[in-house]
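Below is one structure; the comments refer to it alone.
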Amino acid sequence: MEYRPTEWDARAQQLWRDLNVYRADFPSDRNPFYVLDMFPYPSGAGLHVGHPLGYIASDIVSRFKRHQGFNVLHPMGFDAFGLPAEQYAIQTGQHPAVTTEVNIERYREQLNRLGLGFDWNREVQTCDPDYYRWTQWVFIQLFGAWYNKQSERAEPIETLVAHLNARGTEGLNAACHGEPQCTAAEWAAMDAAQREALLQHFRLAYRSESLVNWCPALGTVLANDEVVNGLSERGGHPVVQKPMLQWSMRISAFAQRLLDGLDDLNWSDSIKETQRHWIGRSQGARIRFTVLAGEVGEVGKVGEVGKAGQGANDPMSSGANEPTSQRTNEPMGGANVLEVFSTRPDTIFGATFMVVAPEHPMLGEWTTEAQRAEVEAYCERAARRSERDRQADTKTVSGVFTGTYVEHPFTGAPIPVWTSDYVLMGYGTGAVMAVPGHDSRDHALAKAMGLPIVQVVASNEPVDVQAEAYEAKSGRAMASEFLDGLATVEAIDRAISELESRGLGERTVQYRLRDAVFGRQRYWGEPIPIAYRDGVPEALPVDELPLKLPAVDKYLPTEDGEPPLARAERWVSAEGLPLETTTMPGWAGSSWYFLRYMDPKNTNAPVDRSAADYWGQVDLYVGGSEHATGHLLYSRFWTHALHDLGHIGFREPFKRLVNQGMIQGISAFVHRIEGTQTVVSAELAGQYSTQKLHVDVSLVNERNEVDRDSLSTWMPSWAGTEFIPSEGPIKVEREVEKMSKSKYNVVNPDALADQYGADAVRLFEMFLGPIEQSKPWDTQGMSGVVGFLKKSVRLMEKRHDGAASADELRILHQLIDKLQRDVETLSFNTSVSAMMIAVNAWSGIPQLAQSTLRDFAVLLEPFAPHTAEALWAELGGEGSVVLAPYPALNPEYLVKDSINYPVQFNGKTRFQLEMPASASAAEVESAVMAHEKTAHFLEGRSPKKVIVVPGRIVNVVG
RNA sequence: GCCCAGGUGGCGGAAUUGGUAGACGCGCACGACUCAAACUCGUGUUCCCCUGGAGUGCGGGUUCGAUUCCCGCCCUGGGCACCA
């Protein structure tokens, strides 16, 4: 039998299609197993060898579980809404759906070329109206829900309305923004618009005026996870903070549950830690300081502000993006009270000034006339700076005195109020009590402005708080009246109790997690299914879904800066109401797609409850770690909410998560003398003033030599290139970098599959190393796995119809044992090596039984399914090897009857001693002592101690 | 700065609960086959001052025994970054 990989690839793939072997059944009596890959965004560049790393691993698990009799769900789809297709549309006028479809077609071909066993009957595309109909449906569910902190779950908005009818906001414990409140009587008196304005503060999908990340270059707002170092994740454009009326998702309501849920998930520590940080729970207290009246400017219009909650443009939305407060009923106190959050209330006696964020809504009120010009100038400067600028110089401190003072709650001393941009409006209350003695940032401002620094925590080591803040939480309170002598932890507790008893503050938990901005001023996304009746948002009736993307003449904003959907001719609901013009962000469709695979054709619901109950959580989810704070958090949030609302029976979507590492490219550079067309071989480059330029890796051979002719004809700009030396090889320089089109280091998996066969690519990617690890792609090693496949095929020449020998069975069962253990940890590099060891061992046996070879074909199948299929056919197997049962492990063949003991003297291995496995420790010891070499290594000493670990090792100490 | 992961031959990497460090593969060297080359097969391949010694980033420690456990440091990759 000759090894013919490309021929076998085609034949096996045809057989799989004919027999529909990857079909997942429902209903079914078999046990379900759900293996999921993060579905790709179909970009124009196609797949490179890095993408399939995770797909191959999950494919191996799927195939393995199928052999073991599980009903395996292993689907694939496309995350098809996104910016690149839209940018291309803006440039060319081509509808994004067209480019997207072309790209999807190419992706599907590339995935199939590698023999990945997906159930394509269940494919989903997020841009398909039959799919996004249900994304819109989920949005409507969230719009129609609120989070009840009493029951700790999301509930239909009707239960909130019932509460408001009965008692107003009294006794209500809900996740919300701002300080919405009303009595039952006030609620009863409100008109529809006023009621909706109030409800918006509670809905899980809501609209509010808030500070958002605005990216002028992309013309859209972005979520926090889409902004990296003050630049947009896509495209790297500057991002600024800007207040806008926007749709948001109240993910902050689920902060504690998203935190707690991590404990039971089988995910990597680093992803869990990343999420914990992103959620950022901190415990402390809210503390209220009374603003000293004499100093307050324009006190007149104060009182009304805090009582808002009525009217469509209510003023209480100003702090909308701040995480929800523990309380809902206490008034913020308007300009009379300055409220801060602190994790160190024990240091309150060290608070020598207050700092509020430049965006703080009360700042204007608190600024005295004398200071007004200076404060306004400062705020304007802070607003103009982009996030990036603000982050760039965290070293320089700046701030301005407002002219106002607050009263210290315990000492009654006046404390000056400052504003500085190191205090963020988006966290806590947007104000802090500055304790320069024990907080480095407060310390920096105090130093710069000459404000007093007081020590209120004593340490065992000598500390000088004038020089540096003492921030450790291990110390005892001092100069703090009733707190003196208490250890920090106790002092915090005591300080909070004291504040609570005086009604000046309370214990609270603060989260860093912000609500997620949900609207995008873009075309290529799901339309938000909201219509406006007299300016009041209402959800479309579910039976009007899908709300399809309208045709537009251009994919750009309108002249007035409205999103592209405003260009549509009649963008109104069935009832004729104007529709929302922003679309959903990229993460909407990917937040629930794993549910749709369970029931992809359902026209009555996103997923039938019975299908969701049968398949349950994803057993294994494989994908990149770059989604740690985006997709992986949002999809958890939606799953929790859908669970609470009764649509599915589990809270957490992904039981186990494995992050595959990145495959890096090995870029090639030539040295070109600056300002010339002359290329210098790398070893001579030091003699010239050269620049390093990327060249395509396909122009370079294994000896790192670039071909002159192909370089000259590679691109027009390289025509007429001259070379030094003029004869002989031209060397390139190599460097490991991220694999990317622009670095010309991309290797395509389908091209490799055409050259070596799909199985060689699969095996090689797995053999490269542990799945989670990043590693450079080096095709040189390919010959190793090709050799293994050829050797495997050559075993067929040894086959006979008789019974299998004990030797060959021992090899077989050791392999089964190893493979079964490896699949649990996805340790497929060692699986490949174990198969190599087995094949090498069988190669040394003159004859092999047909049954052994058949079993081997099944063991090989998850890794190299095409070759296994060819072997299976040759061995007379029925149907497809994909559906064959896994060979049962017979542990008898794993038992060894003798053990080769390494014998150590003082920890150094000196010789081996073969002993029967049944030998006792005493027998082993006497055998060692009787051994001729023992006397030599003891050099006349008598052993102090002989350690015998049965079955393992002997160590003679002496 | 804080948090997480990692550091083993020329290279990718392997090593159950602490128990023969370097499996498997690449590369390299030598040999067989061949007129020759490719393919294939075989042998060797951690290093050194080689009857021995050293050795898993560095320095200590625990242990009969440490890649594995503990303490301190260095480096690499990733995450967060004025979060009060």
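Convention: sequence-line order gives letters A, B, ...; per-chain numbering from 1.
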Tell me which of A/Ser783 and A/Val956 sits closer to the 5' end of RNA chain B, going by the nucleotide each one is nearest to.
A/Ser783
Rounding to an integer number of Å, can you tell me how far A/Glu359 CD sits from B/rC82 P?
13 Å
Tell me what A/Ser270 touches on the nucleic acid: a base, only sugar-phosphate, or nothing, going by heavy atoms under 4.0 Å.
sugar-phosphate
Is any side-chain N of the basic residue among A/Arg507 and A/Asp493 closer than 4.0 Å to the acidic one's carboxylate O?
yes
Nearest-angstrom distance from the residue atom NE2 of A/His277 to C1' of B/rC3:
4 Å
Nearest of B/rC24, B/rA84, B/rU20 to any side-chain atom of A/Leu424?
B/rA84
According to a strict under-4.0 Å criterion, is A/Gln773 in side-chain N/O contact with OP1 or OP2 of B/rG13?
yes
Answer for the Watson-Crick or wobble partner of B/rG52, both distances under 3.5 Å, is B/rC48
Whole-Å gap separating P (B/rU40) and OH (A/Tyr3):
12 Å
Find the distance between OH (A/Tyr901) and CG (A/Leu913) and round it off to the nearest 0.5 Å.
9.0 Å
As its Watson-Crick or G-U partner within any shown strand, both distances under 3.5 Å, B/rG31 has B/rC41
For B/rG25, the Watson-Crick or wobble counterpart (both distances under 3.5 Å):
B/rC11
Using purine N1 to pyrimidine N3 plus N6-O4 or O6-N4 for Watson-Crick, or N1-O2 and O6-N3 for G-U wobble, both under 3.5 Å, which nucleotide pairs with B/rC73?
B/rG57
Checking N1-N3 plus N6-O4 or O6-N4 for Watson-Crick, or N1-O2 and O6-N3 for wobble, each under 3.5 Å, the partner of B/rA36 is none
Need one value for A/Val957: base, sugar-phosphate or nothing, where a base atom within 4.0 Å counts as base even if backbone is also close, heavy atoms only.
sugar-phosphate
If you check the A/Val949 side chain, which of B/rG79, B/rC39, B/rG19 turns out closest?
B/rG19
Would B/rC50 be called syn or anti, given that syn covers angles within 90° of 0?
syn
Heavy atoms from C-beta onward define the side chain here; which of B/rC41, B/rG19, B/rA23 lies closest to that of A/Ile953?
B/rG19
Starting the side chain at C-beta, find the nucleotide from B/rC39, B/rA5, B/rG13 nearest to A/Pro770.
B/rG13
Mind checking A/Lys818 for me? I need base, sugar-phosphate or nothing, with any heavy atom below 4.0 Å counting as a touch.
nothing
It should be established whether A/Asn955 places a side-chain nitrogen or oxygen under 4.0 Å from OP1 or OP2 of nucleotide B/rU20.
no
Is it the case that the side chain of A/Asn659 and the backbone of A/Gly623 share a donor-acceptor pair, with hydrogens and angles ignored and the cut-off at 3.5 Å?
yes
Can you tell me the distance, in whole Å, between the CZ atom of A/Arg952 and the C1' atom of B/rU17?
8 Å
Do the numbers put A/Arg512 on top of the ring of A/Trp278, so that NZ or CZ is under 6.0 Å from the six-membered ring centre and no more than 45° off the axis?
yes
Chi-based syn or anti call at B/rG65, which uses purine or pyrimidine torsion atoms and a 90° bound:
anti
If you look at every strand shown and take non-hydrogen atoms under 4.0 Å, does A/Ile837 touch a base, only sugar-phosphate, or nothing?
sugar-phosphate
Could you tell me the separation between the OG atom of A/Ser625 and the CG atom of A/Leu632, rounded to the nearest 0.5 Å?
9.5 Å
Hey, which sits more toward the 5' end of RNA chain B by its nearest nucleotide, A/Gly769 or A/Pro902?
A/Gly769
Does a side-chain N or O of A/Lys775 approach OP1 or OP2 of B/rG12 to a distance below 4.0 Å, or not?
no
Side-chain N,O (A/Asn906) to OP1/OP2 (B/rG65) below 4.0 Å:
no
Give none if B/rG18 has no partner; otherwise give the nucleotide forming a Watson-Crick or G-U wobble pair with it, both distances under 3.5 Å.
none
What nucleic acid atoms does A/Ser282 come within less than 4.0 Å of, heavy atoms only: base, sugar-phosphate, or nothing?
sugar-phosphate
Given the structure, check if the side chain of A/Gln904 and the base of B/rU20 hold any donor-acceptor pair shorter than 3.5 Å.
no
To the nearest Å, give me how far apart CZ (A/Phe905) and P (B/rU20) are.
17 Å
May I ask you to say what A/Asn840 touches in the nucleic acid, namely base, sugar-phosphate or nothing, with a heavy-atom cut-off under 4.0 Å?
sugar-phosphate
Could you tell me whether a side-chain N or O of A/Arg288 sits under 3.5 Å from a main-chain N or O of A/Val337, the two making a donor and an acceptor?
no
If you look at every strand shown and take non-hydrogen atoms under 4.0 Å, does A/Arg281 touch a base, only sugar-phosphate, or nothing?
nothing
Would you say a side-chain N or O of A/Arg910 is under 4.0 Å from OP1 or OP2 of B/rU20?
no
Which of these nucleotides, B/rC80, B/rC41, B/rA14, is closest to any side-chain atom of A/Thr629?
B/rC80
State plainly whether the residues A/Arg276 and A/Glu273 are in salt-bridge range, i.e. N to O under 4.0 Å.
yes
Distance check needed: B/rG12 C1' versus A/Leu53 CG, whole Å only.
13 Å
Compare all side-chain heavy atoms of A/His931 with those of A/Phe911 and state whether any distance is below 4.5 angstrom.
yes
Can you figure out which of B/rA5, B/rG25, B/rA81 approaches the side chain of A/Phe767 most closely?
B/rG25
Please pick, from B/rA84, B/rG13, B/rC4, the nucleotide with the shortest atom-to-atom distance to any side-chain atom of A/Asp269.
B/rC4
Complement of B/rG1, any strand, by Watson-Crick or G-U distances under 3.5 angstrom
B/rC80
Distance below 4.0 Å between A/Ser268 side-chain N/O and B/rA5 OP1 or OP2
no
How close or far is atom C1' of B/rG25 from atom CE of A/Met782, stated in whole angstroms?
13 Å
